[in-house]
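Here's the structure, in structure tokens; my notes come after.
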2 protein chains.
Amino acid sequence: MELIRIYQCLCDATRLRILHLLTQGPLCVCHFQAILGEPQVKVSKHLGYLKRHGLVEARREGNWRVYRLVRRATRELQANLACLQDCAREEPRFRRDLERLRRLRTNGDDPSLACCAKPTPAKAVAR
Amino acid sequence: MELIRIYQCLCDATRLRILHLLTQGPLCVCHFQAILGEPQVKVSKHLGYLKRHGLVEARREGNWRVYRLVRRATRELQANLACLQDCAREEPRFRRDLERLRRLRTNGDDPSLACCAKPTPAKAVAR
DNA sequence: GATAGATATTCCTCCGGGCGCATATGGCTG
DNA sequence: CAGCCATATGCGCCCGGAGGAATATCTATC
């Protein structure tokens with residue numbers, strides 16, 4: 001049952017936040033780290049999980065990897081992501097994530113492609 | 001995060017089928033057994049899980065227990081159950097469950113309250 | 001109050017997944 | 001090619017949850 005796989009992906013907080021962010025567009029790993037405030041291993045593993053389960057796909061972009069929601073998402077996935085977006089509107093945590101994403105995009109650079117390390121080579125990501 | 005709890009409940013096939021059935025109205029354990037074709041322990045445990053996690057509530061009805069979705073479901077829960085119902089429309093398994101439920105209700109007796117053992121005391125549930 | 005029926009609970013085993021540390025990989029740059 | 005950066009992977013630990021067999025609990029009935 002396809003649905004099960006989807007729900008299994010959704011039932012972890014970190015993955016939920018990742019997917020929620022991805023509904024706003026592709027993102028690279030370091031951005032996830034910055035926004036979620038989670039260690040690299042954790043982020044990377046959850047992205048791997050999502051990829052293995054077919055919710056997400058990745059491409060290389062020079063030195064980093066950009067993740068996005070799968071292009072041809074099933075109806076089920078689309079429905080559930082829409083539902084997630086809807087529910088997320090009221091959860092402070094999701095709102096903060098969105099806020100940070102927005103800040104990264106404006107303070108930083110180009111919306112989707114320009115990755116970290118471009119604006120501030122010294123300070124970089126505030127860990 | 002409330003959402004997580006919901007998704008944790010949704011990420012098992014048996015629970016998914018149970019919740020889906022419950023969107024059609026209250027049901028007692030033996031009906032679940034009959035419809036799902038799963039052993040009593042399994043059904044009972046998953047119902048317990050759903051109850052512990054606040055998606056479901058139960059009342060005694062003489063010798064048996066009738067389960068229902070929680071009365072005051074959160075917005076998140078409502079949204080996700082609606083989404084589930086929508087997705088379930090295309091999954092054969094869910095359709096079969098609904099079909100069996102319908103058959104139980106017509107062949108059997110009264111829609112919601114009348115429980116098993118009333119129609120056929122001899123054959124009972126075809127295990 | 002003994003018994004039967006419906007359901008819950010306990011005990012056990014097994015497995016997948018979450019986490020973190022350390023290390024590997026793969027591309028870029030000097 | 002050496003070294004750095006971003007990211008992935010392997011390993012070990014731990015925990016929760018799934019499944020099933022046996023048993024307990026609660027209710028109705030005689």
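Here is how names work: the chains are called A, B, and so on, in the same order as the sequence lines, proteins then strands, and each is numbered from 1.
Inter-residue side-chain proximity for B:Y7 and A:I6 is flagged as unmet; no heavy-atom pair is nearer than 4.5 Å. Two residues are said to be in side-chain contact when any heavy atoms from C-beta on lie closer than 4.5 Å; B:N80 and B:L3 meet this criterion.
Remark: A:D97 pairs with A:R17, A:L21, A:I35, A:L36 by the side-chain contact (heavy atoms from CB on, under 4.5 Å) rule, at least two apart or across chains. Annotation: ring-ring contact (aromatic ring centres under 6.0 Å, His included) contacts of B:Y67 (sequence neighbours excluded): none. Under the rule for a side-chain contact (heavy atoms from CB on, under 4.5 Å), the partners of A:V41 that lie at least two apart in sequence or sit in another chain are A:K45. With sequence neighbours excluded, the residues satisfying side-chain contact (heavy atoms from CB on, under 4.5 Å) with B:E57 are B:R68, B:V70, B:R71.
The shortest distance between the side-chain N/O atoms of A:Y67 and the OP1/OP2 oxygens of D:dA6 is not below 4.0 Å.
Placement of A:L10 and A:M1 within a single hydrophobic cluster is found when ILVMFWY residues are connected by side-chain heavy-atom separations under 4.5 Å, directly or transitively.
Between the C1' atom of D:dC5 and the CD atom of A:Q33 lies a distance of 12 Å, rounded to the nearest Å. Distance CD1 (A:I18) to C1' (C:dG18): 13 Å, rounded to an integer number of Å. Remark: P of C:dC19 and CG of A:L36 are 12 Å apart, rounded to the nearest angstrom. As a whole-Å value, the separation of A:E61 CD from C:dC28 P is 10 Å. Rounded to an integer number of Å, the gap from A:L10 CG to C:dG17 C1' is 16 Å. In this entry the distance linking CG of A:L47 with C1' of C:dG18 reads 15 Å, nearest Å. The CH2-C1' distance, from A:W64 to C:dT25, rounds to 17 Å in whole Å.
If you check every strand for non-hydrogen atoms under 4.0 Å, A:F32 touches nothing.
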Exercise for the section: Mark up nucleotides 16-23 of chain D, 5' to 3', with B wherever a protein heavy atom is under 4.0 angstrom from a base atom, S wherever such an atom reaches only the sugar-phosphate, and - elsewhere. Expected result: -SSBBBB-
Handout entry: Nucleic acid footprint by protein, nucleotides 25-30 of chain D - heavy-atom cut-off 4.0 Å, B for base, S for sugar-phosphate alone
Key = -SBS--
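Taking both residues in full, the closest heavy atoms of B:A88 and B:H20 are given as CB-NE2, 3.4 Å, listed atom of the first, atom of the second, then distance.
Without hydrogens or angle criteria, A:S44 side chain to A:Q40 main chain gives no donor-acceptor distance under 3.5 Å.
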